[in-house]
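Proteins come first, then strands; the chains are lettered A, B, ... in the order of their sequence lines, and each starts at number 1. Heavy atoms only: backbone and side chains are in, while hydrogens, waters and symmetry mates are out.
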Amino acid sequence: MAEAQTKALKTKEKQELMTPAEQTRPGVIFTPNVDIFETESKITILADMPGVIPENLNIDLRDNTLTLMGDISTVESSAEEDVLIEYEIGKYFRQFTLSEVIDQNKIDAQLNDGVLRLTLQKVEKAIPRKIVVKSV
Amino acid sequence: MIYRRVFSNPWRFRNMLEEVDRMRQTMDRWLGDRENAFPTLRAGVFPLVNLTENKDSFFIRAELPGIEKEDLEILATANSVSISGERKIPAEEEGARYHRREREGGNFSRMITLGAEIQPDKVEAGLKNGVLTVTVPKAEIAKPKQIAIK
């Protein structure tokens with residue numbers, strides 16, 4: 001971990017999402033970079049969504065499909081002229097199929113500095129009960 | 001319009017290749033042909049920046065998700081701004097098993113040379129929702145002047 005942090009960062013172009021259906025609103029859609037890890041009790045998803053504010057972030061979980069959707073509004077004022085454009089601004093969209101059963105009531109989402117942290121608690125599995133047979 | 005943007009200012013001419021590169025990318029998108037894309041002519045230094053200007057200032061924007069302002073250093077000289085820092089990906093709790101790991105941490109340092117004299121002492125920077133905006137006021141001599149016709 002420590003080693004990974006001292007290396008120099010390389011540029012990474014944003015991955016554009018190819019949608020089968022056309023958008024009604026024009027614009028580019030990107031897939032956010034994510035880290036996904038799980039422990040015994042929960043699944044955590046970290047997603048880089050720079051420029052997205054909490055009001056514009058939509059998280060949807062139904063039928064084991066998790067959808068992350070971040071809308072973005074351009075920050076530039078129209079009076080500005082482009083000189084050099086290296087990255088494009090667009091919506092973020094990504095879907096995951098979850099294999100574990102998630103407790104819908106214990107989903108926690110935080111958006112800090114453009115990074116979404118989503119914690120999904122797994123449903124507690126039925127604890128095997130030991131049945132003691134008593135002799136009368 | 002492109003012609004005007006590229007050739008109207010001799011300094012911009014240097015960015016012509018980038019401009020062409022951008023046009024080609026847009027064309028590729030329209031044509032749905034990403035495989036045949038030529039290698040890009042971007043600076044290739046993290047972070048990627050968008051540079052815009054208006055009459056009074058330059059604006060440098062970069063997407064830096066998860067970077068705190070304490071981990072960023074911005075320096076300005078007579079005609080350049082440097083952005084450097086470190087992106088830290090904190091270690092998660094023990095026993096975490098990763099499914100995906102696409103977010104990267106590391107050092108970065110980038111120098112952006114601007115096409116006009118600036119006022120280094122009046123440079124302002126803001127970090128909001130993971131997007132850095134550096135406002136760089138142009139020096140008085142670099143601002144366009146309205147000439148009254150007598």
| query | Is the backbone of Leu84(A) close enough, under 3.5 Å, to the side chain of Asp82(A) for a donor and an acceptor to pair up by distance? | reply | no
| said: Which one wins on heavy-atom pair count under 4.5 Å against chain A: Ser109(B), Ser57(B), Ala62(B), Gly95(B)? | reply: Ala62(B)
| request: Find the one option among Asn33(A), Thr44(A), Asp48(A), Ile45(A) whose heavy-atom pairs under 4.5 Å with chain B are most numerous. | output: Asp48(A)
| task | Would you mind checking if Glu70(B) and Lys88(B) are paired as a salt bridge, meaning a charged N to carboxylate O distance below 4.0 Å? | result | no
| field | Ion pair check, Lys14(A) and Glu63(B), cut-off under 4.0 Å | value | yes
| task | Among Glu38(A), Met49(A), Lys42(A), single out the residue with the greatest number of heavy-atom pairs under 4.5 Å to chain B. | result | Glu38(A)
| Residue Lys10(A) excluded, over 12 heavy atoms near NZ under 6.0 Å | no
| Any Lys/Arg nitrogen of Lys91(A) or Glu16(A) sitting under 4.0 Å from an Asp/Glu carboxylate oxygen of the other? | no
| Is a donor on one side and an acceptor on the other found under 3.5 Å between the side chain of Arg87(B) and the backbone of Glu104(B)? | yes
| message | Can you tell me how far apart CD (Glu86(A)) and CG (Asn50(B)) are? Round to the nearest 0.5 Å. | response | 7.5 Å
| query | Just by distance, do the side chain of Asp35(A) and the backbone of Glu102(B) share a donor-acceptor pair under 3.5 Å? | reply | yes
| field | Interface residues of residues 54-68 of chain A facing chain B - non-hydrogen atoms under 4.5 Å apart | value | none
| field | Selection from Ile53(A), Asp113(A), Leu46(A) maximising heavy-atom pairs under 4.5 Å formed with chain B | value | Asp113(A)
| field | Contact leader toward chain B among Ile43(A), Val52(A), Asn112(A), where contacts are heavy-atom pairs under 4.5 Å | value | Val52(A)
